[in-house]
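Working notes for the structure below.
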Amino acid sequence: MQTNNHKIVDYDAILDQKFGKQGTPQRAKAEEDAYAFYSGQVIHDARKEANVTQAELAKRTNMTKSYISKIENGVITPSVGVFYRIIGALGMRVEVVKPVY
């Protein structure tokens, strides 16, 4: 829990109210939308950092500029393979690490 203007806020309750309880179709849709947005932001930021245009990235990955734009804007979620291909074309890599507890 966190405070906001000295009021205790239960963010789980807020998410439940706005998007439905965990496990409901509405909540699943909201989570998918959030993943699409986040994936798009990761790709957008990586592309900008690499100083690559959408057109150049599309050419490097054999995709269309429109498709890259849709990914970056969270309209579509790239498959894992497409995500890896884009990240690789930007000279980056994805690491999966096991958390330390």
Side-chain angles (χ1 to χ4, degrees):
M1 287 195 201
Q2 296 198 4
T3 60
N4 185 9
N5 295 329
H6 305 291
K7 297 177 184 177
I8 295 176
V9 176
D10 181 349
Y11 288 107
D12 287 329
I14 292 170
L15 292 172
D16 288 351
Q17 183 179 22
K18 186 166 183 169
F19 301 112
K21 295 252 183 225
Q22 190 73 25
T24 62
Q26 299 90 338
R27 184 68 168 263
K29 171 76 169 97
E31 289 171 351
E32 283 298 316
D33 290 346
Y35 292 140
F37 175 80
Y38 179 70
S39 298
Q41 286 299 297
V42 168
I43 290 169
H44 176 267
D45 293 348
R47 180 180 61 77
K48 288 291 192 177
E49 187 175 311
N51 201 26
V52 174
T53 66
Q54 286 182 343
E56 177 59 27
L57 181 57
K59 184 177 178 182
R60 290 181 187 182
T61 57
N62 198 28
M63 297 176 201
T64 65
K65 180 183 174 293
S66 171
Y67 190 71
I68 298 294
S69 177
K70 287 177 182 176
I71 291 171
E72 288 187 1
N73 288 304
V75 175
I76 57 174
T77 306
S79 68
V80 173
V82 168
F83 185 82
Y84 275 80
R85 187 166 24 146
I86 291 170
I87 293 300
L90 294 171
M92 302 177 76
R93 70 172 190 224
V94 175
E95 288 187 18
V96 178
V97 295
K98 186 175 182 179
V100 179
Y101 294 102

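Hydrogens, waters and symmetry mates are skipped; everything else that's a heavy atom, side chains included, is used.
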[X] [atom1] to [Y] [atom2] distance, which is reported to the nearest 0.5 Å:
| X | Y | atom1 | atom2 | result |
| --- | --- | --- | --- | --- |
| Leu90 | Met92 | CG | CE | 7.5 Å |
| Gln54 | Lys48 | CD | NZ | 8.0 Å |
| Asn51 | Glu49 | CG | CD | 10.5 Å |
| Glu56 | Thr61 | CD | OG1 | 9.5 Å |
| Gln26 | Phe19 | CD | CZ | 11.5 Å |
| Leu57 | Ile43 | CG | CD1 | 8.0 Å |

Hey, are Glu95 and Arg93 close enough for a salt bridge, meaning a charged N less than 4.0 Å from a carboxylate O?
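Between Arg93 and Glu95 there is a salt bridge, with a charged N closer than 4.0 Å to a carboxylate O.
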Go through it in stages, so that I can follow the logic: the residues are Lys59 and Lys65, the test is side-chain contact (heavy atoms from CB on, under 4.5 Å), and I'd like the CA-CA distance, side-chain angles, deciding distance and then a yes or no.
CA-CA 8 Å; Lys59 184 177 178 182; Lys65 180 183 174 293; over 6 Å; no
Same cluster for Tyr38 and Val96 if Ile/Leu/Val/Met/Phe/Trp/Tyr side chains link at under 4.5 Å?
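Tyr38 clusters together with Val96.
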Residue Phe37 excluded, over 12 heavy atoms near CZ under 6.0 Å
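Counting neighbours around CZ of Phe37, 12 or fewer heavy atoms of other residues, nucleotides or ligands fall under 6.0 Å, so no.
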Other residues, nucleotides, ligands: >12 heavy atoms within 6.0 Å of Gln41 CD
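For Gln41, atom CD is crowded (more than 12 foreign heavy atoms under 6.0 Å).
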Distance-only, no hydrogens or angles: does the Ser39 side chain make a donor-acceptor pair with backbone N or O of Tyr35 under 3.5 Å?
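Present.
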Is a side-chain donor or acceptor of Thr24 paired with a backbone partner of Lys21 at a separation under 3.5 angstrom?
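Yes, the answer is positive, given that a donor and an acceptor are paired below the 3.5 Å cut-off.
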Step-by-step side-chain contact (heavy atoms from CB on, under 4.5 Å) determination, Ile86 to Arg47:
CA-CA 9 Å; Ile86 291 170; Arg47 180 180 61 77; over 6 Å; no
Ile71 vs Phe83, side-chain contact (heavy atoms from CB on, under 4.5 Å): CA-CA, chis, key distance, verdict
CA-CA 9 Å; Ile71 291 171; Phe83 185 82; over 6 Å; no
For a quick test of reading the model, state the closest non-hydrogen atom pair linking Leu15 to Arg27 and the distance between them.
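Minimum heavy-atom separation between Leu15 and Arg27: CB-NH2, 3.6 Å.
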Are Lys29 and Glu31 close enough, and set up right, to give a salt bridge (Lys or Arg N to Asp or Glu O under 4.0 Å), and what steps lead you there?
CA-CA 5 Å; Lys29 171 76 169 97; Glu31 289 171 351; over 6 Å; no
